[in-house]
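Worksheet: the structure to be examined is printed underneath.
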Amino acid sequence: NEKILIVKGAPESIIKSCSKFSGNFDKKEIKEDIEREGKEGRRVLAIAFKRLDVQKADLKVQDERGMTFLGYFVFEDPLKSTAKESIGLARKLGVKIKIITGDSKEVAEYVAVRAGLAPKTEDVISGQELAELQKDDFDDACENKFIFARISPDVKHKIIKSLQKKYEVGFMGEGINDAPALKTADVGIAVVEASDIAREAADVVLLQKDLRVVINGIKNGRTIFANINKYIK
């Protein structure tokens, strides 16, 4: 006979919404733990709750205030063994690869370094940092940075629009939040296990979850295009 609101999400967002902490949790220790897990490449989701009036029918964003921090769980999404090889091949073809993710800067940086995409931390920028930039600086960051962390669907869409001023842009995504970016990109790519909306918005659906398929497609496409030009001439 109780109504309980349970919220999960990025730890920094959940902590801001909490006024109480269960058990022996300390806000500073939580942040240190989460940062340490992120540097090891593990993703963290926090959980908070709040008891509501049983008669309350509609929930609003304001209801996510004054919550009690319950805890967090940690999980690992291992890097594919072929990722580094694919990125190396892309570099030879002159194709730039960027990571745009909702994960934390620590996780994004760990994955990028392991994959051979970014050798230094200066290549990482967060959605909050992007939001504070003026238009020209935003465009420069989109071109020169390789890893974008804690990016919302709206900012993801803006990054692609910015890159399209100079480049043909392909975007690979699988979630509902990726649909606007998939639709905007010159080539939207989804995997077969992606959400229905992502597959509908994509131009190409990959039957294998392997970046090499995309890179090899670009390589073979260029060969075919070159051969057609030779025959025409």
Side-chain angles (χ1 to χ4, degrees), residues 38-43 75-121 123-125 142-151 153 156-157 159-164 166-230:
K39 287 178 179 177
E40 293 295 323
R42 290 187 281 270
R43 301 169 68 188
F75 57 101
E76 191 170 15
D77 190 4
L79 191 68
K80 280 190 171 292
S81 58
T82 58
K84 196 165 187 176
E85 176 193 339
S86 303
I87 289 169
L89 180 58
R91 198 170 279 127
K92 288 179 182 176
L93 295 173
V95 176
K96 289 184 179 180
I97 294 181
K98 298 176 185 285
I99 295 176
I100 308 177
T101 178
D103 284 334
S104 68
K105 287 181 76 170
E106 291 82 11
V107 174
E109 182 187 335
Y110 175 88
V111 170
V113 171
R114 289 286 300 275
L117 187 61
K120 54 188 186 298
T121 56
D123 288 324
V124 187
I125 189 167
C142 290
E143 181 170 3
N144 297 318
K145 300 292 184 182
F146 285 89
I147 306 104
F148 302 84
R150 287 285 187 247
I151 302 296
K156 197 177 287 188
H157 177 262
I159 292 170
I160 289 171
K161 292 292 285 184
S162 172
L163 291 170
Q164 284 177 320
K166 290 187 178 181
Y167 304 99
E168 296 291 316
V169 180
F171 177 80
M172 183 186 291
E174 60 181 11
I176 293 171
N177 291 339
D178 291 323
L182 285 165
K183 200 72 178 172
T184 303
D186 297 293
V187 181
I189 305 167
V191 291
V192 71
E193 294 93 347
S195 64
D196 293 344
I197 292 174
R199 290 202 307 271
E200 286 293 326
D203 301 296
V204 178
V205 177
L206 297 182
L207 301 181
Q208 296 177 12
K209 290 180 74 173
D210 191 337
L211 188 59
R212 285 182 304 182
V213 176
V214 178
I215 306 304
N216 286 332
I218 294 170
K219 183 180 178 183
N220 293 337
R222 289 181 180 179
T223 301
I224 293 167
F225 184 72
N227 287 339
I228 289 172
N229 280 337
K230 288 176 190 174

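Numbering of residues begins at 1 and proceeds along the displayed sequence. Quick note: numbers below take in every heavy atom, side chains included, and nothing from hydrogens, waters or symmetry partners.
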| Is atom CZ of R114 surrounded by more than 12 heavy atoms (other residues, nucleotides or ligands) closer than 6.0 Å? | no
| Under 3.5 Å: donor-acceptor pair, side chain of N220, backbone of G217 | no
| said: Treating D103 as the side-chain partner and A108 as the backbone partner, does any N or O pair qualify as donor plus acceptor under 3.5 Å? | reply: no
| Stepwise side chain to side chain contact (heavy atoms under 4.5 Å, CB included) check, V214 with I189 | CA-CA 9 Å; V214 178; I189 305 167; 4.0 Å; yes
| query | What is the minimum heavy-atom distance between A185 and F171, and which atoms define it? | reply | CB-CB, 3.7 Å
| query | Would you say the side-chain atoms of R43 pair up with the backbone N or O of F75, donor to acceptor, closer than 3.5 Å? | reply | no
| request: List for me each residue that meets side chain to side chain donor-acceptor pair (under 3.5 Å) alongside K230, sequence neighbours excluded, and say none if there are none. | output: none
Under 3.5 Å donor-acceptor pairs involving side-chain atoms of residues 90-99, not counting sequence neighbours:
from, atom 1, to, atom 2, distance (Å)
R91, NH2, G116, O, 3.0
K96, NZ, Y167, OH, 3.4
K98, NZ, C142, O, 3.1
K98, NZ, E143, O, 2.9
K98, NZ, K145, O, 2.6

| task | Output yes when a side-chain donor or acceptor of R42 lies under 3.5 Å from a complementary backbone atom of E76, and no otherwise. | result | no
| field | All side chain to side chain donor-acceptor pair (under 3.5 Å) counterparts of R212, not counting sequence neighbours | value | D210
| Name the one of T184, T101, D178 that satisfies side-chain hydrogen bond (donor to acceptor under 3.5 Å, both in side chains) with K156? | D178
| said: Donor-acceptor check, side chain of D203 to backbone of G188, threshold 3.5 angstrom: yes or no? | reply: yes
